[in-house]
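Hydrogens, waters and symmetry mates play no part in the numbers below; they use all other heavy atoms, side chains included. We name chains A, B, ... by the order of the sequence lines, and we start the count at 1 in each one.
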Amino acid sequence: MTLRQPPLTAAHEASGATLTEFGGWEMPVEFDSIRAEHEAVRESVGRFDVSHMSQLTVSGPDARRLTNRLVTNDVADLDPGESNYAAVTDDRGAMLDDTVVYRPPEAWSVDADYLVVPNAGHDDEMADRWVDHRESWELDATVENRTESFAMVALQGPDARELLAAETDADLGELGRFETTVGDVAGVETLVSRTGYTGEPGYELIYPWDEAETVWSALDCPPCGLGARDTLRLEMGFLLSGQDFDPEENPRNPYEAGIGFAVDLDSEFVGRDALEGVDVEGVDEKLRGIELVDRGVPRAGYPVASTDGERLGEITSGTMSPTLGRGIGLAYLPVGVGLDESVRVEVRGEPKKARTTATPFLDR
Amino acid sequence: MSFDVPDDLRYLDSHEWARVDDTSVRIGISEFAQDELGDVVFVDLPNEGDALTAGEDFGVVESIKAVSDIYAPVSGTVVAANDDLADRPELVNEDPYGDGWLIEVQLSDESELDDLLSAEEYRDQIA
């Protein structure tokens with residue numbers, strides 16, 4: 001299968017990046033050192049090419065009704081310039097994906113009442129979902145898959161604001177978390193959003209595909225790959241679609257996955273009734289943080305057991321935390337297993353001491 | 001990119017090196033291997049006295065992104081393991097032929113050395 005390439009492929013190759021397949025895209029996993037890239041974001045600032053993220057625009061008289069009925073959070077109340085995080089669930093309440101839904105500022109020249117940003121490789125599936133439901137609900141909305149119309153770059157880290165402010169006329173001063181504005185960045189009209197997936201202050205920039213290198217190269221800080229993105233998001237306990245939940249392999253509802261805050265039961269959406277039932281009855285398992293006490297690195301698929309050896313679950317995401325210097329991971333465990341309890345993670349057949357912990361792993 | 005492949009070492013095609021000193025052999029992974037792995041965060045090594053068999057795995061090197069088995073170039077008994085790697089696994093990246101060595105083995109069959117690659121042969125393999 002031919003991999004899709006972001007508009008910055010030539011720039012990544014020139015930087016000597018190691019490329020990998022991710023969600024059907026060929027993306028940089030590492031430019032020089034995952035550890036160095038991770039530290040750059042935690043301590044100063046780094047830039048990520050996230051052009052592989054899916055982008056759908058929804059416009060027209062029923063854009064709001066359509067979108068609101070397909071995501072778990074209430075997007076009807078979003079004002080232009082606001083966004084929120086939501087899950088997309090099926091009628092069982094199982095998460096198909098997670099997404100940010102933007103209500104772009106009116107000043108943005110792109111025709112879009114809503115901009116939906118699901119995960120890499122989910123663009124066709126989500127576009128079909130929006131179109132199919134538009135048809136069955138007989139709504140009047142235009143749905144466009146704009147994934148290959150826009151470049152997307154995440155600028156993340158405590159120095160992100162200072163760096164971006166030097167390159168843009170957008171007013172960053174008043175921009176709160178999940179708020180969005182429009183301005184020129186290096187002369188390119190850009191949707192500037194105070195969002196990100198690293199736990200650090202920062203921005204996500206969405207702008208025309210053909211201008212990818214203009215903005216990317218103006219942001220003079222270390223380029224970071226998917227490797228650092230994974231260690232950063234995992235230190236925050238953020239979910240990875242297809243790994244921490246998967247509608248086929250590991251169907252999970254938002255309450256199990258710890259994102260109940262992104263479910264608004266006052267809103268009407270596909271999966272709402274199932275999730276109301278879960279909200280009333282509670283869940284059997286919940287995603288927990290796991291920190292290794294012994295040396296070692298938990299990896300996806302490693303079994304988690306009680307100190308008596310009873311199997312409790314398995315690691316869905318794991319890594320060595322560059323910030324903590326300790327192995328960390330996520331696992332769905334029975335709700336009876338509380339926080340700060342001793343467990344064992346079986347690392348290549350050898351039980352290692354670990355404990356359950358709240359997420360995020362870092363205080364951010 | 002070209003990688004350092006010291007002439008005085010012997011190599012396995014799985015990227016381990018062996019430095020022979022009389023009958024003891026020091027073992028590590030090549031500069032090419034550490035570069036492929038990326039940031040090494042954990043090294044699991046055998047204990048002193050453990051027996052190794054040539055061609056069989058004896059431990060793992062883990063980087064942030066991958067787990068990699070390490071294979072014994074020769075058979076013998078472990079006489080030392082690099083304890084510094086417990087606290088500083090990054091030595092494997094920083095100095096793969098020096099402070100980042102893994103273990104030392106008392107060789108049990110010298111003839112096995114003949115099966116290892118020369119520096120030139122190994123250079124050809126990673127070229």
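- At a threshold of 4.0 Å, the pair R35(A)-E90(B) does not count as salt-bridged, since none of the basic side-chain nitrogens sits closer than that to a carboxylate oxygen.
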Show your working on side-chain contact (heavy atoms from CB on, under 4.5 Å) between R295(A) and D87(B) and close with a plain yes or no. CA-CA 10 Å; R295(A) 288 176 192 278; D87(B) 292 324; 2.8 Å; yes
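- Interface check for chain B: of the options I34(A), D32(A), T18(A), V29(A), the most heavy-atom pairs under 4.5 Å are formed by I34(A).
- In the displayed structure, E121(B) atom CD is contacted under 6.0 Å by more than 12 heavy atoms of other residues, nucleotides or ligands.
- For chain B, the nearby part of T231(A) is the side chain; its heavy atoms alone come within less than 4.5 Å.
- No other option in R348(A), E30(A), H38(A) has as many heavy-atom pairs under 4.5 Å with chain B as R348(A).
- Residue V43(B): no heavy atom, backbone or side chain, is found under 4.5 Å from chain A.
- The contact between D44(B) and chain A is made entirely by side chain atoms (from C-beta outward), counting heavy-atom distances below 4.5 Å.
- Residue-environment remark: CG (D109(B)) exceeds the threshold of 12 foreign heavy atoms within 6.0 Å.
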